Amino acid sequence: MTESPSRVAIVTGAGRGIGAAVARRLAADGFAVGLLDLDEASCKAGAEAIGADGGRAVGVGLDVSDTESVEAAVNTVAKQLGAPTVLVNNAGITRDNLLFKMSDTDWDSVLGVHLRGSFLMSRAVQKHMTEQGWGRIVNLSSVSALGNRGQANYSTAKAGLQGFTKTLAIELGKFGVTVNAIAPGFIVTDMTAQTAERVGMPFDEFQKAAAQEIPVRRVGQPEDIANVASFLVSDQASFVSGQVIYVAGGPKA
Ligand code: NAP
């Protein structure tokens, strides 16, 4: 089993929610972490908090759907922390609407952040991984990949990420790089809070109702996803690649 030569990780969308929890967990696991987010202030604050806990981290503002912004952010992390060999493609947005009301912009922006964003980030980081002969990519899919009313754009992007994951696993395996996806069910973050608002339900009631439909009878927390990400990026997971792991309290939420 080859050990990771450079313990530097990048997490996108790390300003809050699942990305922030994954960044904290990877820092606790001993990685230096680049926290990347559209909101520069929140990822810089997250990096400072990791630093105060004794870890090494840097916060960098970027738009994952913009090529130049991605290249610049990855270069900044490589310069400040070292060659990134772990990438968690987590940045995401929702623009929910039924098909007949979904605008071109709703479609393009969701596919732009999830699919184009994961493509641009993976392409920018893979050269560091292949040079080191070791790497880990984790993509955030969703149970919505199986279909979800009002989410034609999001569901398509999350299903697309599963194909992207399997293809990169095939292409990059010989360089010691594994590529997997986590497909979360209901996780308590601003994203699910926004969904509650959209359907006109108080967030706590929305969570209680969701928990009733989940076999383990609770909703998920960002740390539930961070636990699985921590394993997938570890040396112990070197024979796990091209997989989609549903983390949803049941076969699906
Ligand atoms: P969240 O709380 O809304 O956080 C998403 C983060 O991504 C935000 O910090 C956001 O920045 C950032 N972001 C958005 N667009 C970006 C861009 N173009 N470039 C860089 N950063 C960008 O969402 P979450 O619930 O933690 O979700 C994280 C991931 O898990 C997403 O991919 C989501 O689809 C997936 N997921 C979530 C759930 C769930 O139940 N929460 C379930 C399944 C899958 P701003 O703060 O500037 O907006």
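Atoms within a ligand are numbered from 1 in the order they appear, just like the ligands themselves. Only a predicted model underlies this, so the values are computations on that prediction, with no experimental measurement involved. Worth knowing before you read on, the calculation uses all heavy atoms, side chains too, and leaves out hydrogens, waters and symmetry mates.
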**Report entry** ligand 1 to Leu36 polar contact by distance, N or O atoms, under 3.5 Å
**Finding:** no

Query raised in the report: For ligand 1, is His114 a contact, meaning one of its heavy atoms is under 4.0 Å away?
Result: yes

Report summary line: Contact region, Asn90 to ligand 1, non-hydrogen atoms below 4.0 Å, reads both

Query raised in the report: Between Asp63 and ligand 1, which residue portion shows a heavy-atom distance shorter than 4.0 Å: side chain, backbone, both, or neither?
Result: both

Query raised in the report: To the nearest 0.1 Å, how far is atom 2 (O) of ligand 1 from its closest protein heavy atom, and which atom is that?
Result: Arg16 NH1, 3.0 Å

Requested in this report: Answer with side chain, backbone, both or neither: which part of Ser141 has a heavy atom less than 4.0 angstrom from an atom of ligand 1?
Outcome: backbone

Query - Distance from atom 35 (C) of ligand 1 to nearest protein heavy atom, with residue and atom - result: Tyr154 OH, 3.8 Å

Donor-acceptor pairs under 3.5 Å, side chain of residues 15-24 to any protein atom, not counting sequence neighbours: which ones?
unit_1: Arg16; atom_1: NH1; unit_2: Asp190; atom_2: OD2; d: 3.3
unit_1: Arg24; atom_1: NH2; unit_2: Glu223; atom_2: OE2; d: 3.4

Report task. Could you find the nearest protein heavy atom to atom 22 (C) of ligand 1 and give me its residue, atom name and distance? Result -> Ala91 CB, 3.7 Å

Query raised in the report: Which one of Thr94, Asn97, Asp96 satisfies the side chain to side chain donor-acceptor pair (under 3.5 Å) criterion with Arg198?
Result: Asp96

Requested in this report: Look at atom 25 (O) of ligand 1 and say which protein heavy atom is nearest, naming residue and atom and giving the distance to 0.1 Å.
Outcome: Thr189 OG1, 2.5 Å

Query raised in the report: Looking at Val11, Val58, Val8, which one forms a side-chain contact (heavy atoms from CB on, under 4.5 Å) with Val33?
Result: Val11

**Report entry** Note, Lys158 side chain near Asn148 side chain (heavy atom, < 4.5 Å)
**Finding:** no

**Report entry** Contact check, Ala14 vs ligand 1, heavy-atom distance below 4.0 Å
**Finding:** no

Report task. Report yes or no: does Gly185 have a heavy atom closer than 4.0 Å to ligand 1? Result -> yes

Query raised in the report: For ligand 1, does Lys158 get within less than 4.0 Å through its side chain, its backbone, both, or neither, judged by non-hydrogen atoms?
Result: side chain

**Report entry** Val64, portion touching ligand 1 at heavy-atom distance under 4.0 Å
**Finding:** both

Report task. Would you mind reporting whether Ile225 and Asn90 have side-chain heavy atoms less than 4.5 Å apart? Result -> no

Query - Protein heavy atom at shortest distance from atom 10 (C) of ligand 1 - result: Asp37 OD1, 3.7 Å

**Report entry** Of all pairs that satisfy salt bridge (Lys or Arg N to Asp or Glu O under 4.0 Å), the ones with a partner from residues 237-251, not counting sequence neighbours
**Finding:** none

Report summary line: Going by the 4.0 angstrom heavy-atom rule, the piece of Ile187 near ligand 1 is both

Query raised in the report: For Thr12, is the nearest heavy atom under 4.0 Å from an atom of ligand 1?
Result: no

